[in-house]
Amino acid sequence: MTDPAAPPPPPDLSAALSLRGLWKRFGEKIAVAGVDLDVPSGSFFGLVGPNGAGKTTSLSMATGLLRPDFGAAHVLGTDLWAHPDEAKAMLGVLPDGVRLFDRLTGAQLLTYAGLLRGMDRDVVAERTADLLAAMDLVGDADTFVVDYSAGMTKKIALASAMIHAPRVLVLDEPFEAVDPVSAANIRDILRGYVDGGGTVVVSSHVMDLVQRMCSHVAVIAGGHVLAAGTVDQVRGEQSLEDRFVELVGGRRESEGLSWLRSSSASS
Amino acid sequence: MVAQLVRLKLTLLGNTFRRSVWQTIGMALASVYGLGIIVMVVAAAVLGGTTDPVTTGQVLTLAGALVVLGWWVVPLFAYGVDATLDPQRFVTFAIPRRRLLAGLAAAGVVSVPGAVTLLGGLGVSFAWWREPLALLAALAGALVAVALCIVGSRATTTLLAPLLGSRRYREVLAIVAVVPLVLLGPAIGSLTSTFSIGPDSVGEAVEPLARVVAWTPFGAPWALGSAVHDGAWGLLAARLAVVLATLAVLWTVWDRALARALVTPPGGETAGAGKGLGWFSRLPATPTGAVAARSATYWLRDPRYAASIAVVPLLPVVMYVTGVNAGAGTSFLMLLVAPLVAWVLGFGISNDVGYDNTAFALHVAIGVPGRADRWGRALPVLVAGTPIVVAFALVGCAVAERWDALPALLGISAGALTTSVGISSAASARFVYPVPKPGESPFKTPQGATVATMVAQFAAMGLMLALSLPTLVLGIVAIVTGLPAVGWVALAVGIVLGGVVLVGGVRWGARTVDRRRPELLQQVMAFR
């Protein structure tokens, strides 16, 4: 897309999240190869890409979970890797594929997250009750998280990312395994949060969801950002899904698996 | 099917050898060790069979019965330790049950314990090498015994799978299993000291027991050789009948249980619930207080921690029995209990981030200050450990009738607790090694946790010992000489030196956590 030799522009200090030249290599594999991305403040930002595109790695480096080999991440103008404490106070993070302290009950886990942020006991108690109600988990407040279903686990993790009222929410695959009703409730919560001035970054590979829900989108594949902007800018006249397939490629135009079509009972 | 499953098992076994260099070295050492034990046992059996075939036969029957019993019972405690051929994994394949059963049975031999049992069983049969007929019977007996072991263990685990699938049952069982494991050593010790008079008394003690056990399904296959040796053909037939009937019953039980397991998906248990916020409402509402509340909750609720607490009340028993067996020195061993308990408790947090596993991501995302992280983990151990250790010191002095040793003992114990907590706080910030993951059996050996783990643990232990040395020397001098003044000096040195190590270790650990939080997370992520 852009000339790789050209130096990246300086970080956008007004952006909710501004990534510049992020690189990460795991052994032989380069997971993220120079990601530049600006998430405008107050946007509902979707990050889409095929499996193994570097979405999780990029978001981990943008939220302080993974130290980049090169590059910088700014959260509302604060350099995350230079001043992690200030930057992390403004961030709420839902990482994908990590455990929770699941021997705690749902209410205990939220309380733990709040107290770790240095919040007041009464505020924590009030917000714990509110979040449990919003996530429809009041009845399971005293159930151990280890006994939660996958969707409930996702919801309690999301709640613990929101308890300190962050200004930027970074959610890695927030709707995976969540039932449609809960997903709709979570979308309402997130939309209200954006209307109130917050910024949400979600990663997903459900294009339709991103097209309906997000104001901005970035397509990432092979460790690079292929396109970024408002949803309408990126998709043009096409649906986001078609545009995505066009950008990423990899569709097979073959007759493949012809034996699967017939109902002939041969093995 | 048989060939396929055996090949699958061989591939899985081969892969465990190849996973990493450390693992290969560890497995090679374990194999050499296992082979050494087999060679020793076989040599002892052949030697015994040459000199006293009757008694040897009886001992083999008893030992063999224990092996079979172990095969049946141990998998119930060590759930998930070897789930490579879990029947649940074959649910989606359309494999006829009979063929699956035969395949699983054959593949059961292809494992380290399976191979050891087979080699050992066949090897000890050569105790009868002077009588070809008895040897033949013993070899056949060993083969059916191995079949009994494998079919029996599969039958019990498959039958009880619904129960073993319940998280709470498994966790209680895992903690309960610690008790016999800890008491095994002293029990064997007192048995051997009872029977350690000479070969004649061994025969006297073993003979009636062996006669009974030879009729049980556990001992019968191992007693075939003896029956031939005695020329008791009727007995041989009867024992063979016992074995074959048991095998048939077990096979049927396993077949039925497997049929049920293949159509019953796992899950569907009632969820556990706690009450209110527990420690979170009792401890201060600060990050340190929160970490402490979380640690305290885990010490009581996570079997991986709770198992080490379950050991603590057993230690005095072990020490007492060991002391009685050894004849003299009971009082001295009782004095060891308090420092040992202190050390066990402190060492319990030496890999705390490894125990957190990827849940540590919460601390990283929030950026929990290293000070709060370290003190929060250390304080529950110190606060709960101090009264326990003082109580054990008082009990130790009372049983040993050495009240004069109390100051020195308190000094050593206080030093052991503070030093081990301090070193653990530093070590767990720097070294993370794989442990059983949350929810796994505390006895499961995690992947990649072999030599590297041991090196890290030994380094931490060595450092603890070196830093406790001044207190230890003073304390031992005080206890041996009985000089009260030295004892008080040991107490002062123990508290002061231990305190310095504690604060130093926690501070160093806190700085290390602050510096390399994301790297710690990457390390535990790699354990998945």
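Order of the sequence lines sets the chain letters (A, B, ...), proteins ahead of strands, with each chain counted from 1.
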More than 12 heavy atoms of other residues, nucleotides or ligands under 6.0 Å from [atom1] of [X]: yes or no?
X: B/Arg516; atom1: CZ; result: yes
X: B/Asp514; atom1: CG; result: yes
X: A/Arg121; atom1: CZ; result: yes
X: B/Trp279; atom1: CH2; result: no
X: A/Phe26; atom1: CZ; result: yes

Search all heavy atoms of [X] against all heavy atoms of [Y] and return the closest pair with its distance.
X: B/Arg515; Y: A/Arg67; value: O-NH2, 2.9 Å
X: B/Val364; Y: A/Lys88; value: O-NZ, 2.8 Å
X: B/Arg301; Y: A/Thr105; value: NH1-N, 4.4 Å
X: A/Gly64; Y: B/Pro518; value: O-CG, 3.9 Å
X: B/Gln522; Y: A/Leu65; value: NE2-O, 4.2 Å

Select one option (side chain, backbone, both, neither) describing which atoms of [X] are under 4.5 Å from chain A's heavy atoms.
X: B/Thr286; value: backbone
X: B/Leu283; value: backbone
X: B/Ala365; value: both
X: B/Phe280; value: both
X: B/Pro284; value: backbone
X: B/Leu362; value: side chain
X: B/Val368; value: side chain
X: B/Ile366; value: both

* When heavy-atom pairs shorter than 4.5 Å are enumerated against chain A, which of B/Ala290, B/Gly278, B/Ala361 gives the highest number? ->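 Looking at each of B/Ala290, B/Gly278, B/Ala361 in turn, B/Ala290 comes out on top.
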
* Asked: What residue in B/Asp373, B/Asp302, B/Asp356 has the most heavy-atom pairs under 4.5 Å with chain A?
  ->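 Maximum pair count with chain A is reached by B/Asp356.
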
* Asked: So among A/Thr111, A/Asp142, A/Thr128, A/Val124, which one has a side-chain contact (heavy atoms from CB on, under 4.5 Å) with B/Leu277?
  ->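 Going through A/Thr111, A/Asp142, A/Thr128, A/Val124 one by one, the side-chain contact (heavy atoms from CB on, under 4.5 Å) with B/Leu277 is satisfied by A/Thr111 alone.
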
* Is it the side chain or the backbone of A/Leu91 that comes within 4.5 Å of chain B heavy atoms, both, or neither? ->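 For A/Leu91, there is no contact with chain B at all, as no heavy atom is under 4.5 Å.
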
* Asked: Non-hydrogen atoms of chain B under 4.5 Å away: do they reach the side chain of A/Asp102, the backbone, both or neither?
  ->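 For A/Asp102, backbone and side chain are both near chain B.
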
* Asked: With a 4.5 Å heavy-atom cut-off, do A/Leu116 and B/Val291 have their side chains touching?
  ->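 They are in side-chain contact.
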
* Going by heavy atoms in the side chains, are A/Arg103 and B/Pro303 under 4.5 Å from each other? ->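 Side-chain contact under 4.5 Å: yes.
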
* To do: Measure the acute angle between the ring planes of B/His363 and A/Phe101, then classify it against the limits of 30° and 60° as parallel, tilted or perpendicular.
  =>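 B/His363 vs A/Phe101 ring planes: tilted.
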
* For chain B, which of A/Leu66, A/Thr63, A/Asp85 has the most heavy-atom pairs under 4.5 Å? ->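 Highest number of pairs under 4.5 Å: A/Leu66.
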
